[in-house]
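Read the structure below first, then the notes.
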Amino acid sequence: MTKRASVHQSCYHCGLDVPLNSDFSLNIEGIRRAMCCPGCAAVAGTIFGNGLQSFYTFRSAPSAQGVANSGLDVEENPYADWDLIDIQSDYISHTDQGLQSIRLYIGNITCAACTWLIEQHLGKLPGIDRVAINGTTRRGEITWMAESISLSEILRAIKQIGYEPSPIDHDSKLSATTDESRQLLLRLGVAGLAMMQTGMVAIALYAGSFQGMQAEWQTLLRFISLLFVTPVVFYSAQPFFTSAWRSLKIGHLVMDVPVALAITLAYSASLWATLRGGGEVYFDSITMFSFFLLLGRFAEQRIRDKNLLLLNRGTERPPVVTQVFPADSAQVAKADKQVPIKSLSVGDFIRVDAGQIIPCDGLIEEGASQISEALLTGESQPQSKQAGQPVYGGTVNGANPLRIKVSAIGEASCLASIVKLAERAALDKPQWAMVADRLASYFIALLLLIAGAVATYWWFHEPQRALWITLSVLVVTCPCALSLATPTALTVASNILRARGFLINRMHVLETLASVDQVVFDKTGTLTEGRLKLVSVNVSPTADEIPEQQMVAWAGSLERGSQHPIAITLLNHPDLDLDLASAVTEQDFVIGSGVSGKIDTEIFYFGRPAWVREIAGLCDMPDMSGICLKDAQSKSNNRAESQSIDVALARNGEWLATLSFSDQLRPTAVAAVNQLRQRGLKVSLLSGDPSPGAAQILKPLALNDCQLSLQPQQKLASIRKLQQSGTKVLMVGDGINDVPVLQAADVSVALGQASDLSQIHADVTLLSGDLRALPEAIVTATQTRRIIKQNIIWAIAYNLVALPLAAAGYVAPWAAAIGMSASSLLVMLNALRLARGAKCSGWMAANGKPVMESL
Amino acid sequence: MESLYLLIPISVIFIVIAIRLFFWAVNSGQYDDLDSEGERILFDQASSVDELEQLETLDKKEQLDKPQ
């Protein structure tokens, strides 16, 4: 027997504290390594067993905690479902060499060494052809021979070393994003290389025009430039042309229109000059202009991609198979057929075991259980449901196996109808055009008018110079600085906010955020933590010699093995010391009521006060102040007003204590709401929670307006009413029932723990869950708007000065090029001032590694 | 000066080769993960001969340590 751990140690695998008096240590290379749990020990054992111990030397972040009892030691493979042909067809592709390949999302990757570990571990399996893991995106592609190894074995192998694989299907939008960013990088690279070449040639040409140069050499150098510029115009600048054309077709002018026009005109004029052997060429300006614009676009795209990858964790995937009862013999107790969810039809009977996600809407045919509807409503308390009651797809069956009759699938399901409501809401969403785009419409109209006027004037005075002067007007007024003014500031600001866990998914956010008038919060999971916490232990006066800690220990050991939120809260309670109570025998869970069990020789009850009173045959429940209440029920009613849930603990025929659990305000909520109000914003609440006690918990916030027990439609109507009265609304929510309002609000923020669906429909994801980031984001947005304004004013002022000079024919091409670059540079530097204002560390973090790595 | 007629086309050829290489690198996914690739070379070095020796001794130890 090895010695038990006596001081606090951290786990060799995951770095968490090793619980006192536990012993999961592993003997590795003669050194005893402390492990915090059997899960970590199993994972570390596999890693060492395969000779991959250098992982521990090289990793730069601790690994995720191993999960015990995840079917690793058992014969049964938890991924066995993935071997069904019907399911594989959506995920697996076949290569030319007769191999199979699949793309996976791999959870728990924390650093670069993880990718090495997975590749090495899988590489040792028979039949694996190629493993490529991307540590940044946490995605990988695996190619293997179907005859040698099955998909489920590969997935299990990944799980054995502590990672969570989840296959990505063919039409996932994530595959599209990598293609897009590769494409953009190629365009940028071509423009960059061409810019260097034409720049070099341009120096020779400028020197030539000062010192004199034979026409022969000038023509050669111009042709060489033309050679480099042509791919830039026809390949690199493609996105500007397509976007300009698209916006022209719908009769709406955006910034890309003057950009495309400037490139086209400068290129055609230079081409003309090169072929005819006279006039001016602007090749260097074209390449530099395209390169800078593409650079801005590339930075913007990278931020968007990184955010998208952080958000799409591939979690909350509904199960792919379910157990179906044969239709004719509905009485057969045992489900025997596994079928893919997509082949289910209305009227089928399915079996959903405890802990499984219910795959579709249905009616409970047999059984009773606790259903967690957190995904739909954000409410953490599970609902008791029994035969005849409806259940919804996406909710989790908490306690007992259920037989469910399928009532709606796909489009008709509750989840799908919420998504539809959200899509409709998106159509009515107020569109805030980007300032630069609005300016572009005026700018381009003005530009064309002036160019036209200049051309007409010179045509009548000096026809041979008319074309070149008109062109220099167009090139000088080229909207380079103007088109860079907004994106640079927005990119810098999103980077700063990213470091605070405020992930911007839509670029309009920063401009709209600065003008928001009212902030609307959801309650559960947004202003509150959304999970229960043990707030007090009231020891009965008849048992006041027993310490509170002992009570918690008894309750904790009774609840061991249960997935009920109260059990989870208790078992994670920091004061819980299970050594104070010996093992429970005859443990018996009663759904919706409580649990009873034998500790040593005495029977303990822990549950709803009324139930405990009845089952333990007790008389009245003593109040904590010693006053005996007539009815236990009346007491729990009283307590309900303060939003806490009371659970009674009794031993044999004696009351021991009442443990109160309640949802709590987020620690940052009060500060955030106060800061928002100081900025002159109204703060209100729209909640789906029907309990009147909700108002009690929100009291410290002193909100302007509280509306409770609202349906998603009512929430939507409420937001609409605000918007019709001219208010710009910022909505903060988390549940799927918030999705329509998130979509309708002018700016919407979803909390980091929110469902994937809410995050996709929200403009912003607040990963850190720190609500104080909201007022900070508003401050940053205001600053950003100021910087954008300055940039635009500068760009327009520059054009106003340069225009008359160019129109008079005083601007040489080299002067136009220098002026253009200088004004672009100035705009960029001005945008960088935003970063200096923000915390230095935050800016560094935003530029270095992804800050949210640990999430 | 006539050498420019030769030298400039040569430089053009170099650029074309550079662009081809760049396309190949991007399309084969070398720019997809800029964070972990830099460290990979360090891990691979470790799995050399002396690591294999460690592995063998470890296997023996593991068999001894196993409960049952």
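Per chain, numbering begins at 1; letters A, B, ... match sequence-line order.
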side-chain contact (heavy atoms from CB on, under 4.5 Å) for B:I8 and A:L221? Distances and angles first, verdict last. CA-CA 9 Å; B:I8 291 181; A:L221 291 178; 3.8 Å; yes
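- A 6.0 Å sphere centred on OH of B:Y31 holds no more than 12 heavy atoms belonging to other residues, nucleotides or ligands.
- A:L185 touches chain B through backbone and side chain together, each having a heavy atom under 4.5 Å away.
- Heavy-atom minimum distance, B:V12 versus A:F228: CG2-CZ, 4.0 Å.
- Here CD of B:Q30 is found 10.0 Å from CZ of A:R182. Values are rounded to the nearest 0.5 Å.
- B:F23 and A:V190 get closest at one heavy-atom pair: CE1-CG2, 3.5 Å.
- If you take CG on A:L227 and CD1 on B:I15, they are separated by 11.0 Å, rounding to the nearest 0.5 Å.
- Residue contact with chain B, scored on non-hydrogen atoms closer than 4.5 Å, involves the backbone and the side chain of A:L186 alike.
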